[in-house]
Amino acid sequence: LANGKGEGPAAYAYAESTYRYNEKPVYTTTSGCPVDDPKKYQRLANGPLLLQDFHLIDLLANFDRERIPERVVHAKGAGAYGEFELTHNISDITTIDMLTGPIGKKTPLLTRFSTVGGEKGSSDTARDPRGFATKFYTEEGNWDWVFNNTPVFFLRDPTNFPTFIHTQKRNPQTNLKDATAFWDYLVTHQESVHQLMTLFSDRGTPASFRKMHGYSGHAYKFSKPDGSFVYVQIHLKSDQGIATFNNEEAGAKNGENPDWLTQDLFDAIARGDNPSWTTYLQVMTPEQAEKFRYNVFDLTKVWPQSEFPLRPFGRMTLNRNVQNYFAEIEQAAFAPSNMVPGVEPSADLVLQSRMFSYADTHRHRLGGNFHQIPVNMPLHAFNPIVRDGLMNVNGNLGANPNYQSSYRPVTYKNTRPTVSHEQWTGQATWAIFDDVKDIDYEQPLGLWKVLGKQPGQQDNFVHNVAVHASGAKKDTREKVYEMFGRVDADLGKRLKEATEKEVAGK
Ligand code: NDP
Ligand code: HEM
């Protein structure tokens, strides 16, 4: 695995090498001692067990430690390997290694899809955003796109994330999902209404991970060595088209096979029906951002495609299933802070907080040396100052000095831009984002109109909200009608009628 220089195997090829099926291995304890029959245990005559039976203790002790913490969000997921192919020249806006060079240049990758709120064993068909996380093993480090299948998010103040997630998970007393808490948060934080419009359309219950889009959501910066930059939004559009369940189909599928989307992905790749996505950029200059109607750092807003057209640049294909789910998917650690030269975070406050949260949770979930787990290893990494720690398993850089030594030649590459257009001036303040205003209901109305052009989709939206909100207390329900009524008065009325009918029917 390790060659003492910090160069791991291409994590991409790891799984193939760990199991040689043509060999007939000898069964042993974890210390390698051959054992004749795994069923046998040592006991005194026909009495109790003997503690000296290491084989049994070895089995039980390892079994007792099989579980690791599940992801605090996005716990249920499925994934596969694949490759990214550069299809267009975009060197006018970027110097990122993966996105420059000959057309057709390929980069290996791993993608994991997930639901957000449910536990590790929960249903794939729950109404929820879907995570769409990809790790690209580029020549200049791992670049993670930790995206969702929705272009916006529920919040724009990072402090709201833990409280918001609590309301979408289980009630602390009953341990049940709690429709009142769910809606109580949302009606008191109405910047979430745009995300709700997507969540309660049929796109909130995708029928396949292969048949949904992915979005960066945040503005990222593509910067050049001279300090110039553009803001970008990244879109992944499914080449398979979109497929969704309606509310009742999603419920029925959950009963029939709660792992349906996981199975659909695995089976498709196993039969060679490899899913792909065309990747696009929306590009905005800093000058355009200053004049933009919406705050470019507001995660509850999209950039209208008529103003900022989609520019294609690549294709991403998933073509290989993992050999071992736990090793390669459960232990995969995606982080928005895994960036490569030429990409920078924008000042979106939610993105800024995500720059901390992911590697932090990985240290908790997988241990401090999580970056040594093969699936997380970059193609090339050398940092002699990062050493030791629990479960250091890659040779620990051998005899390399553990400081910046004048006796050990190391190459330093300057990849950080020195100048930046952005200049922040003023005092440190205690802040929250702007109060919710009329402007926050404009894009939700835009989506309501998009649904209006798709037969039956507005009706399904009303039905989907009604079924869910009918579980909430009366005064919370009233606030739900009021909130959607601010998007469109008729929508508010229709929701009230449909929801109260559901309540009466219960
Ligand atoms: P456009 O008419 O140019 O684009 C509409 C967008 O809506 C397309 O990307 C389309 O994706 C997507 N869409 C279609 N049906 C649904 C649905 N049921 N749920 C969610 N998205 C859907 O419009 P604008 O750019 O002016 O945006 C109008 C509204 O569309 C926005 O308010 C926003 O809510 C939504 N939207 C906008 C996106 C953007 O980046 N501008 C991205 C996604 C949604 P497709 O047809 O490819 O499946
Ligand atoms: C997973 C935090 C917002 C997409 C996670 C995890 C944490 C987290 C702690 C678990 C990671 C792990 O255990 O490996 C946060 C915080 C947010 C935030 C604090 C805001 C303040 C977002 C947004 C998006 C997003 C806006 C999408 C645009 C994802 C995805 C995963 C994830 C896709 C699953 C990654 C995987 O497959 O392993 N998030 N998140 N999150 N988050 Fe977020």
Side-chain angles (χ1 to χ4, degrees), residues 68-79 110-116 129-135 144-162 164-165 193-195 197-204 206 211-218 233-238 241-242 244 278 280 282 294 299-310 329-336 348-366 370 376 441-454 457-458 460-461 487:
I68 62 170
E70 64 175 33
R71 288 166 174 83
V72 60
V73 280
H74 295 261
K76 175 78 188 290
L110 171 78
T111 291
R112 178 177 182 269
F113 302 104
S114 49
T115 50
V116 180
R130 296 297 183 278
F132 191 152
T134 302
K135 185 182 289 296
D144 292 2
W145 292 2
V146 196
F147 297 175
N148 280 341
N149 72 335
T150 58
V152 293
F153 200 60
F154 297 91
L155 48 83
R156 53 193 178 193
D157 294 293
T159 36
N160 281 337
F161 190 76
F164 160 67
I165 292 296
V193 70
H194 194 187
Q195 174 75 322
M197 296 299 299
T198 311
L199 185 62
F200 281 89
S201 80
D202 283 348
R203 292 207 185 181
K211 298 176 183 172
M212 59 182 209
H213 303 325
Y215 304 91
S216 63
H218 304 285
Q233 291 265 3
I234 302 174
H235 298 237
L236 299 111
K237 290 229 174 202
S238 168
I242 294 284
T244 57
T278 304
Y280 299 86
Q282 282 182 293
Y294 306 100
L299 184 54
T300 69
K301 303 289 180 289
V302 295
W303 301 358
Q305 291 175 28
S306 51
E307 251 177 282
F308 301 96
L310 296 181
I329 299 298
E330 193 59 20
Q331 293 196 113
F334 300 90
D348 178 326
L349 302 165
V350 177
L351 176 56
Q352 292 278 316
S353 67
R354 294 180 72 204
M355 296 291 286
F356 160 75
S357 211
Y358 289 69
D360 182 52
T361 204
H362 296 147
R363 292 183 190 103
H364 158 69
R365 186 166 72 80
L366 302 165
F370 70 89
N376 298 324
Y441 299 85
E442 288 177 4
Q443 293 194 347
L445 176 60
L447 188 51
W448 181 239
K449 289 180 178 163
V450 168
L451 295 184
K453 292 184 198 138
Q454 301 166 0
Q457 283 303 302
Q458 286 191 341
N460 285 9
F461 179 89
V487 175

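Atoms within each ligand, like the ligands themselves, are counted from 1 in listed order. In this text the structure is predicted, and so the values were computed from the model without any measurement.
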- Query: Is there a protein heavy atom less than 4.0 Å away from atom 13 (N) of ligand 1?
  - Reply: yes

- Does K237 approach ligand 1 within less than 4.0 angstrom via side chain, backbone, both or neither, non-hydrogen atoms only? side chain

- Task: With sequence neighbours left out, write down each residue that passes ring pair (Phe, Tyr, Trp, His ring centres under 6.0 Å) with H362, or none if nothing qualifies.
- Result: F370

- Determine whether any heavy atom of A333 lies closer than 4.0 Å to an atom of ligand 2. no

- Do NZ/NE/NH1/NH2 and the carboxylate oxygens of R365 and E70 come within less than 4.0 Å? no

- Task: Flag R365 as yes when one of its N or O atoms lies below 3.5 Å from any N or O atom of ligand 2, and as no otherwise.
- Result: yes

- Within 4.0 Å of some non-hydrogen atom of R71, the atoms of ligand 2 are 12 (C), 13 (O), 14 (O), 36 (C), 38 (O)

- Query: If you measure every N/O of W303 against every N/O of ligand 1, is any gap under 3.5 Å?
  - Reply: yes

- Task: Check whether any protein heavy atom sits under 4.0 Å from atom 10 (C) of ligand 1.
- Result: no

- Query: How close does the nearest protein non-hydrogen atom get to atom 9 (C) of ligand 2, and which residue and atom is it?
  - Reply: V72 CG1, 3.6 Å

- Query: Judged by non-hydrogen atoms, does F308 sit under 4.0 Å from ligand 1?
  - Reply: no

- At under 4.0 Å between heavy atoms, what of L451 touches ligand 1? The answer is side chain

- Task: Count, excluding waters, the protein N, O or S atoms that are closer to atom 43 (Fe) of ligand 2 than 2.8 Å.
- Result: 1

- Query: Could you state the interatomic distance from OG (S216) to CG (L299), rounded to the nearest 0.5 Å?
  - Reply: 9.0 Å

- Of the choices P151, G204, S238, P304, which has the non-hydrogen atom that lies closest to atom 43 (C) of ligand 1? P151

- Query: Heavy-atom distance from atom 19 (N) of ligand 1 to the protein below 4.0 Å?
  - Reply: yes

- Under 3.5 Å, is there a donor-acceptor pair linking the side chains of H218 and R354? yes

- Message: Show me which atoms of ligand 2 lie under 4.0 Å from any heavy atom of S353.
- Response: 21 (C)

- Message: Would K449 count as a contact residue for ligand 1, given that I'm defining contact as a non-hydrogen atom of the residue lying under 4.0 Å from a ligand atom?
- Response: no

- Near H362, which atoms of ligand 2 are under 4.0 Å from a heavy atom of that residue? 12 (C), 14 (O)

- Message: Is the contact between H213 and ligand 1 made by the side chain, the backbone, both, or neither, using heavy atoms and a 4.0 Å cut-off?
- Response: side chain

- Task: Check side chain to side chain contact (heavy atoms under 4.5 Å, CB included) between Q331 and all other residues, then give those that pass, not counting sequence neighbours.
- Result: F326, A327, L366, I373

- Note on the structure: Those residues at least two apart in sequence (or on a different chain) that pass side chain to side chain contact (heavy atoms under 4.5 Å, CB included) with I242 are R203, H213, T244

- Item | Contact check, F132 vs ligand 2, heavy-atom distance below 4.0 Å | yes

- With respect to atom 31 (C) of ligand 1, which of T150, V302, L445 exhibits the smallest heavy-atom separation? V302

- Message: Does ligand 2 come near enough to N148 that some N or O of the ligand is less than 3.5 Å from an N or O of the residue?
- Response: no

- Task: Would you mind running through ligand 2 and noting each atom that sits below 4.0 Å from a heavy atom of L299?
- Result: 26 (C)

- If you measure only the distance, is there a donor-acceptor pair under 3.5 Å linking the side chains of Q195 and T150? yes

- Item | Residue, atom name and distance, where the atom is the protein heavy atom closest to atom 36 (C) of ligand 2 | R112 NH1, 3.2 Å

- Note on the structure: re atom 33 (C) of ligand 2, the protein heavy-atom contact at minimum distance is F147 O, 3.2 Å

- Task: Check ligand 2 against F153 and write out every atom of the ligand that is under 4.0 Å from a heavy-atom position of the residue.
- Result: 26 (C)

- N160 to ligand 2, any heavy atom closer than 4.0 Å: no

- Hey, looking at atom 42 (C) of ligand 1, which of Q305, K453, E442 has the closest heavy atom? Q305

- Task: With heavy atoms only and a cut-off of under 4.0 Å, state how Q457 meets ligand 1: side chain, backbone, both or neither.
- Result: neither

- Proximity winner for atom 22 (C) of ligand 1, if only heavy atoms of Q195, H194, R203 are counted: R203

